Amino acid sequence: MTKMMKQAVLAAPGKLEVVEVPVPSPGRGEALVRVLAVGVCGSDLHMFREGCIGGITLADAGGPFVPGHEGMGRVEAVGPGGDESLIGRRVFIEPAINCQHCRWCLEGKPNVCPHHTFLGLPPQDGCLSQYMTHPARLCEPISDDLTDDEAVLLEPLAIGVHSLDRVAPVAGRSVAVLGCGPIGLVHIMLLARSGMYPIIAADVLDYRLEAAKKLGATHVFNPTWEDVVKGTLDLTRYGADFVFECAGQRDTFAQMVELAAPAGRIGVVGIPEEDVLCYRHSVARRKGLDVLMIRRANLTFGRALLRLQREKLPLRDLANGHWPISHCQQALETASAYGQGVLKAIVNP
Ligand SMILES: [Zn+2]
Ligand SMILES: [Zn+2]
């Protein structure tokens, strides 16, 4: 008898269904993973709410589509050619399946591999499922002292590490983080340990600003009733030397150049609903700003893991809402509505 499992599929925008399907068997070089925890990411929410992200639509899946890319689990089997020492190990699932052969893969930039697929981005199914197969080379064993939640949050943390690599903030200078969702918060966590001052954080949700303060933000602004640009200029005189845009909003794209200091460097991490990035040209030009586009993580999982363990980053505090797979609709709805003070929603399949 074929073994069955539960799997979440996005039947239509806003509508997740839990279906019973056969457990897949691992092909050549693949591992079969019993998925234990999946984080709900902002990019999943774009797909969930709008049925598209950056021009890629639900229809591109060409059938039932499984969302989710922040996953971890335990390897139960490997296919031919897969590393058998993985069997029984808890692993972090690296969601980007790169080609390994193109110029960018060979030059250490697999995050921009033009031939890659990514979990939970059509047409590639994601990990919101009790079992999944995945290239064994992209299943990273983790030690037992790491919780399931921490393993899931390694993905956003690795993005933060990559983002800091790109923008290269300098100790003793000022920084502003616009948007305090999980991505903004991992930035604050890392920046707080990089000797930056002040660390300015902005978000429209007060519970997120509370979290930002706990994690090391020295000054917070809620743009609903405060002027973030003026506040930053008052604090820093000429603006923030480094800016991380982690909200993906029309307003924050405009603000990031206004509140940056001359010769400032800006990392654009947020993904907007409308596929447009707008800011005042004259301001960016006269200040000679560097505006850097941050594309996911880039070979930074190992360093994210090391920083998590050595610096005891309070990553697990972000995972404050858990749902079983049978209630994944609720998990995504709650995350989508920014409800119940949830910073990172986790589904346990
Ligand atoms: Zn993510
Ligand atoms: Zn490649």
Side-chain angles (χ1 to χ4, degrees), residues 8 10 29 35 37-50 52-54 56 65-73 92-122 124-128 132 134-135 137-138 140 148-163 179-187 189-190 244-248 267-273 293-301 304-305 308 315 318-319 321 328 331-332 335-336 338 342-347:
L10 190 53
V35 182
V38 180
V40 177
C41 177
S43 60
D44 298 320
L45 295 177
H46 279 296
M47 216 52 185
F48 177 70
R49 280 190 303 242
E50 297 131 32
C52 67
I53 181 165
I56 298 169
F65 169 68
V66 184
H69 64 268
E70 297 180 0
M72 62 79 57
F92 159 81
I93 295 163
E94 152 66 65
I97 306 168
N98 65 314
C99 83
Q100 296 184 280
H101 304 298
C102 73
R103 204 179 102 197
W104 294 275
C105 281
L106 295 176
E107 288 177 357
K109 294 175 180 166
N111 65 323
V112 292
C113 168
H115 311 291
H116 86 289
T117 59
F118 191 80
L119 289 182
L121 190 68
Q124 180 73 47
D125 274 338
C127 48
L128 209 43
M132 67 180 290
H134 197 59
R137 70 179 171 93
L138 299 174
E140 299 281 348
D148 290 358
D149 288 348
E150 286 174 318
V152 160
L153 284 157
L154 270 179
E155 203 262 343
L157 183 64
I159 293 173
V161 172
H162 171 54
S163 174
C180 299
I183 290 286
L185 293 175
V186 296
H187 277 78
M189 227 181 259
L190 295 168
F244 293 91
E245 194 292 321
C246 301
V268 182
V269 197
I271 300 175
E273 190 174 322
M293 304 304 291
I294 310 301
R295 167 72 158 166
R296 298 188 188 137
N298 190 38
L299 304 173
T300 43
F301 295 96
L305 178 59
L308 167 64
L315 201 55
L318 302 188
C328 59
L332 271 89
S336 186
Y338 309 109
V342 171
L343 295 168
K344 172 64 81 178
I346 306 270
V347 177

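Note that this is a predicted model, so its numbers are computed, not measured. Below, all heavy atoms of this structure are taken into account, side chains as well, without hydrogens, waters or symmetry copies. All ligand and atom numbering here is 1-based and tracks the order in the structure.
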Counterpart residues, side chain to side chain contact (heavy atoms under 4.5 Å, CB included), relative to Ile56 (two or more places apart): Asp60, Leu121, Pro122
So do the side chains of Pro110 and His116 get within less than 4.5 Å of each other, counting heavy atoms only? no
For Asn298 and Gly108, indicate whether the former's side chain and the latter's backbone hold a donor-acceptor pair under 3.5 Å. yes
Rounded to the nearest 0.5 Å, the CG atom of Leu190 sits from the OG atom of Ser163 at a distance of 9.0 Å
Please check if the number of heavy atoms outside Gln124 that lie under 6.0 Å from its CD is greater than 12. yes
By side-chain hydrogen bond (donor to acceptor under 3.5 Å, both in side chains), which residues pair with Glu245, not counting sequence neighbours? Thr252
For the Zn ion (ligand 1), what is the number of protein N, O or S atoms at a distance under 2.8 Å? 4
Atoms named by residue and atom, protein N, O or S, within reach of the Zn ion (ligand 2) (under 2.8 Å): Cys99 SG, Cys102 SG, Cys105 SG, Cys113 SG
Distance-minimising heavy-atom pair for Ala297 and His162: CA-CB, 4.0 Å
Residues Glu70 and Lys344 bridged, charged N to O under 4.0 Å: yes
Find out whether Lys109 and Val112 are in side-chain contact, i.e. whether some heavy atom of one side chain is under 4.5 Å from a heavy atom of the other. yes
